[in-house]
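Presented below is the structure to which this report refers.
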Amino acid sequence: MKKLKLAFFIAFISLIIHRQDMNAQDNVARSEIFLVILGTVQDGGSPHIGCKKSCCTGLFEEPDKNRKVVSLGIVDASNDTKYLFEATPDITIQMKALAQMSTSSQQEVPDGIFLTHAHIGHYTGLMYLGKEAMGAKQVNVFAMPKMKSFLKSNGPWSQLVSNGNIRISPIRNDEEISLSSDLKVIPLKVPHRDEYSETVGYRIIGPNKTALFIPDIDKWHKWERDIKAEIGKADYAFLDATFYDAAEINNRDISEIPHPFIIESMSLFEDLPEEEKEKIYFIHMNHTNPALDENSRQYSRILEKGFNVARIYDEFKL
């Protein structure tokens, strides 16, 4: 009996030491600058409004809490700052998740929000900063010239400016924004449906690694930059994967919503070295996209080809 008690005591002490070690390792990891994926789905979300297809029917009955509209977060623990990329309709959950991952969880609001363009999944979350909801004070919103003009000239967004809920920081194509000595952001203008604003992706530069974030673009060949060269400059590339192929959209004219299909991107990138393919994470997937389902044949094919599919709450050191 004494031997049994001694063995139990040793096991208990070992468990405590192991937990302390794990906590210490977590604190070390969180003392660095890292990127976290806060959403992977196209603007309309999943399940999608009015959808009667099999991709949505079960989700209306049993929602998947991980189906959030595309967004990234950056935590700079050494400077106690955090940044949100995109203001989505899921900003409530995404902002809370980002706050919980930072060193100062008492501050709910990020130190800055970077917008890509004026399509509904990428900026409409700003409304929750207004007086009907949070009533935020001077949240720093980074926006390109046309995006800035759109927000200041059209309600209800103009009210966020006039009431001091947000403060717009102008940014320009290919001009570096220095957030700290170890964290820089560069907007990269891309061709897209620019009804109300221009569209940008971002190069996010940390002390050790760089991420490329392009959630929306018409087609890779329409961009004045060489996407392969841009991937070569990055350690991670989070790229537009709205549709797997044209077959999944049978109720709308696919030419009206141009994006690079995943099968097109995989074909374009198939000659890249394996280490370059491993950088690529497909993101911004439409509710019809089978790559949202980790059990699908298409998801498996992406991995077999050497690429990745972005997953919510995955973290990447910068």
**Request:** Any chance you could measure Leu126, atom CG, to Ile168, atom CD1, to the nearest 0.5 Å?
**Result:** 8.5 Å
**Asked** Heavy-atom distance under 4.5 Å between the side chains of Ile113 and Asn140, does that happen here?
**Response** no
**Asked** Does Arg167 CZ have over 12 foreign heavy atoms under 6.0 Å away?
**Response** yes
**Prompt:** Hey, are the side chains of Lys131 and Gln159 touching, using non-hydrogen atoms and a 4.5 Å cut-off?
**Reply:** yes
**Item:** Atom of Glu175, atom of Pro187 and distance for their closest heavy-atom approach
**Value:** O-CD, 3.2 Å
**Complete:** All heavy atoms of Ala97 vs all of Leu38, minimum pair found to be CB-CD2, 4.1 Å
**Request:** Indicate if Tyr196 and Ile166 have the same hydrophobic cluster label, given that clusters are the connected sets of ILVMFWY residues with side-chain heavy-atom separations under 4.5 angstrom.
**Result:** yes
**Donor-acceptor side-chain pairing of Asp90 and Thr88 below 3.5 angstrom** = no
**Prompt:** Looking at Val69 and Gly121, what are the two nearest heavy atoms and their distance?
**Reply:** CG1-O, 3.6 Å
**Fill in**
Ile231 and Ala237 have their tightest heavy-atom pair at CG1-CB, 4.2 Å
**Prompt:** Within 45° of the six-membered ring axis of Phe261 and under 6.0 Å from that ring's centre, is NZ or CZ of Lys219 located there?
**Reply:** yes
**Asked** Does Ser267 reach the main-chain N or O of Ile263 with its side chain, forming a donor-acceptor pair under 3.5 Å?
**Response** no
**Request:** Establish, from distance only, whether the side-chain atoms of Glu32 and Ser78 form a donor-acceptor pair under 3.5 Å.
**Result:** no
**Asked** Relative to each other, are the rings of Trp220 and Phe269 parallel, tilted or perpendicular (30° and 60° limits)?
**Response** tilted
**Item:** Short N-O contact, Glu176 and Arg203, less than 4.0 angstrom
**Value:** no
**Request:** Indicate yes or no: at least one non-hydrogen side-chain atom of Tyr123 is less than 4.5 angstrom from one of Val141.
**Result:** no
**Asked** So Met101 and Val36, side-chain contact (heavy atoms from CB on, under 4.5 Å) or not? Walk me through it.
**Response** CA-CA 9 Å; Met101 292 175 183; Val36 58; 3.6 Å; yes
**Request:** State whether the side chain of Asn286 and the backbone N or O of Gln42 hold a donor-acceptor pair below 3.5 Å, judged by distance alone.
**Result:** no
**Prompt:** How are the rings of His117 and His122 set relative to one another: parallel (under 30°), tilted (30 to 60°) or perpendicular (over 60°)?
**Reply:** tilted
**Message:** Does this structure show an ion pair linking Glu198 with Lys189, if we count only N-O contacts that are shorter than 4.0 Å?
**Reply:** no
**Prompt:** Does any N or O in the side chain of Lys228 come within less than 3.5 Å of the main-chain N or O of Leu268, such that one atom is a donor and the other an acceptor?
**Reply:** yes
**Item:** salt_bridge(Arg193, Glu195) N-O dist < 4.0 Å
**Value:** yes
**Request:** Could you please spell out the steps behind the ring pair (Phe, Tyr, Trp, His ring centres under 6.0 Å) verdict for Tyr83 and Phe142?
**Result:** CA-CA 10 Å; Tyr83 299 91; Phe142 294 88; 7.0 Å; no
**Request:** Please answer whether the main-chain N or O of Leu115 pairs with a side-chain N or O of Tyr202 as donor and acceptor at a distance below 3.5 Å.
**Result:** yes
**Request:** Please report the C-alpha distance between Met95 and Tyr128 in whole Å, then the side-chain angles of each, then the deciding distance to 0.1 Å, and finally whether the side-chain contact (heavy atoms from CB on, under 4.5 Å) criterion is met.
**Result:** CA-CA 11 Å; Met95 204 167 78; Tyr128 293 105; over 6 Å; no
**Message:** Taking the side chain as everything from C-beta on, heavy atoms only, tell me whether Val190 gets closer than 4.5 Å to Asp216.
**Reply:** no
**Message:** Between the side chains of Glu230 and Lys233, is the shortest nitrogen-to-carboxylate-oxygen separation below 4.0 Å, so that they form an ion pair?
**Reply:** yes
**Request:** Using atom types as modelled and distance alone, determine if a side-chain donor or acceptor of Lys68 lies under 3.5 Å from a backbone N or O of Lys65.
**Result:** yes
**Prompt:** Does any non-hydrogen side-chain atom of Lys279 lie less than 4.5 Å from one of Glu276?
**Reply:** yes
**Flag, side chain of Lys184 to backbone of Ser181, donor-acceptor distance under 3.5 Å** = yes
**Item:** Salt bridge Arg225-Asp174, side-chain N to carboxylate O under 4.0 Å
**Value:** yes
**Asked** For the side chain of Ser296 and the backbone of Pro290, is there at least one donor-acceptor N/O pair under 3.5 Å apart?
**Response** yes
**Request:** Run the numbers on Glu274 and Lys277 for salt bridge (charged side-chain N to carboxylate O under 4.0 Å, His left out), then give the verdict.
**Result:** CA-CA 5 Å; Glu274 290 302 314; Lys277 290 181 180 179; 3.7 Å; yes
**Message:** Just so I know, are the side chains of Leu179 and Asp76 near enough to count as touching, which here means a heavy-atom distance under 4.5 Å?
**Reply:** no
**Asked** Linking I/L/V/M/F/W/Y whenever their side-chain heavy atoms sit closer than 4.5 Å, directly or via other members, would Leu59 and Leu292 fall into one cluster?
**Response** no
**Request:** Apply the test ring pair (Phe, Tyr, Trp, His ring centres under 6.0 Å) to residues Phe238 and Phe316: give CA-CA distance (whole Å), side-chain angles for both, the deciding distance (0.1 Å), then the verdict.
**Result:** CA-CA 11 Å; Phe238 303 99; Phe316 303 82; 5.2 Å; yes
**From CA spacing to verdict: side chain to side chain donor-acceptor pair (under 3.5 Å), Asn79, Thr81** = CA-CA 5 Å; Asn79 289 291; Thr81 54; 5.3 Å; no
**Asked** Is Leu84 reachable from Ile120 through a run of I, L, V, M, F, W or Y residues, each pair having side-chain heavy atoms under 4.5 Å apart?
**Response** no
**Item:** Parallel, tilted or perpendicular: ring planes of His48 versus His287, cut at 30 and 60 degrees
**Value:** parallel
**Message:** If you apply the rule side-chain contact (heavy atoms from CB on, under 4.5 Å), what do you find for Glu264 with Tyr244, and how did you get there?
**Reply:** CA-CA 9 Å; Glu264 291 176 335; Tyr244 185 82; over 6 Å; no
**Prompt:** Do Tyr313 and Ile91 share a hydrophobic cluster, counting only Ile, Leu, Val, Met, Phe, Trp and Tyr and linking them when any side-chain heavy atoms are less than 4.5 Å apart?
**Reply:** yes
**Request:** Compare every heavy atom of Lys152 with every heavy atom of Ser158, then report the nearest pair and how far apart it is.
**Result:** CB-O, 3.4 Å
**Request:** Walk me through it: do Lys305 and Glu270 pass the test salt bridge (charged side-chain N to carboxylate O under 4.0 Å, His left out)?
**Result:** CA-CA 8 Å; Lys305 293 283 187 180; Glu270 67 177 345; 5.1 Å; no
**Asked** Can Thr242 and Asp240 be said to form a side chain to side chain donor-acceptor pair (under 3.5 Å), step by step?
**Response** CA-CA 6 Å; Thr242 306; Asp240 184 347; 2.6 Å; yes
**Message:** Test of understanding: clusters of I, L, V, M, F, W, Y form through side-chain heavy atoms closer than 4.5 Å, transitively. Do Val41 and Phe60 belong to the same one?
**Reply:** no
**Message:** Tell me whether the count of non-hydrogen atoms from other residues, nucleotides or ligands lying under 6.0 Å of CD in Glu61 goes above 12.
**Reply:** no
**Prompt:** Side chains of Gln138 and Asn165: closer than 4.5 Å at any heavy-atom pair?
**Reply:** no
**Fill in**
Between Ala291 and Ile262 the two heavy atoms that sit nearest each other are CB-CD1, 4.1 Å
**Message:** Show, in sequence, the C-alpha distance, side-chain angles and deciding distance for Ile74 and Leu318, and conclude whether the side-chain contact (heavy atoms from CB on, under 4.5 Å) test is met.
**Reply:** CA-CA 9 Å; Ile74 303 291; Leu318 294 174; 3.9 Å; yes
**Message:** Using modelled atom types and a 3.5 Å cut-off, is there a donor and acceptor pairing between side-chain atoms of Asp111 and backbone atoms of Lys82?
**Reply:** yes
**Message:** Go through it in stages, so that I can follow the logic: the residues are Asp194 and Thr199, the test is side chain to side chain donor-acceptor pair (under 3.5 Å), and I'd like the CA-CA distance, side-chain angles, deciding distance and then a yes or no.
**Reply:** CA-CA 7 Å; Asp194 296 337; Thr199 302; 2.6 Å; yes
**Item:** Backbone N/O of Phe150 and side chain of Ser153: donor-acceptor pair under 3.5 Å
**Value:** no
**Asked** Are the side chain of Tyr299 and the backbone N or O of Val309 linked by a donor-acceptor pair below 3.5 Å?
**Response** no
**Prompt:** Hey, does Phe307 have a side-chain heavy atom less than 4.5 Å from the side chain of Met266?
**Reply:** yes
